[in-house]
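Please read the structure below before turning to the comments.
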Amino acid sequence: DTEEVMKVKVDPDLCTSCELCVGDHPELFEMKDDVAVAITEEVSADMEAAARDAADNCPAGAIIVE
Ligand code: SF4
């Protein structure tokens, strides 16, 4: 079984600090030094939908899920 763990990160050069992701998904993102950061890079299976949602909704396209 080679299950891939989803990873999420924020590109600090693209983030406009709108705080949308932090407001919608405080379990996944926090503000640090005026940009959003992923609280944990590895996303547990039950948080994958939330991570995708955050990436889809980020107005700057700064959230990368892979
Ligand atoms: Fe930054 Fe996007 Fe989060 Fe807004 S939604 S704070 S631009 S990562």
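Order of listing sets the numbers, starting from 1, for every ligand and every atom in it. Computed from a prediction, not measured in an experiment: that's the story for all the values here.
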Note to self: Quick check: closest heavy atoms across Ala62 and Cys58, and the distance to 0.1 Å?
What the structure shows: N-SG, 3.3 Å
Notebook entry, point to check: Is Cys15 touching ligand 1 with its side chain, its backbone, both, or neither, if touching means heavy atoms under 4.0 Å apart?
Noted result: both
Margin query: Checking contacts here: is it the side chain or the backbone of Asn57 that comes within 4.0 Å of ligand 1, counting heavy atoms only? Could be both or neither.
Written below: neither
Checklist line | Distance (rounded to the nearest 0.5 Å) between Ile63 CD1 and Asp11 CG | finding: 11.0 Å
Margin query: To the nearest 0.5 Å, what is the distance between NE2 on His25 and CG on Leu20?
Written below: 8.0 Å
Using a strict cut-off of 4.0 Å, indicate which atoms of ligand 1 neighbour a heavy atom of [X].
X: Cys21; result: 3 (Fe), 5 (S), 6 (S), 8 (S)
X: Ala36; result: 3 (Fe), 6 (S), 8 (S)
X: Cys18; result: 4 (Fe), 5 (S), 6 (S), 7 (S)
X: Thr16; result: 1 (Fe), 7 (S)
X: Glu19; result: 4 (Fe), 6 (S)
X: Val10; result: 8 (S)

Notebook entry, point to check: Which option out of Pro59, Ser17, Cys58 puts a heavy atom nearest to atom 2 (Fe) of ligand 1?
Noted result: Cys58
Margin query: Surrounding CG of Asp56 (heavy atoms of other residues, nucleotides or ligands, distance under 6.0 Å), is the total greater than 12?
Written below: yes
Notebook entry, point to check: Do Val10 and Val35 have side chains that get closer than 4.5 Å, going by heavy atoms?
Noted result: no
Check: Are Met47 and Met6 side-chain neighbours, meaning at least one heavy-atom pair lies under 4.5 Å?
Finding: no
Notebook entry, point to check: Out of curiosity, does Leu14 fall in the hydrophobic cluster containing Met31 (side-chain heavy atoms, cut-off under 4.5 Å, transitive links)?
Noted result: no
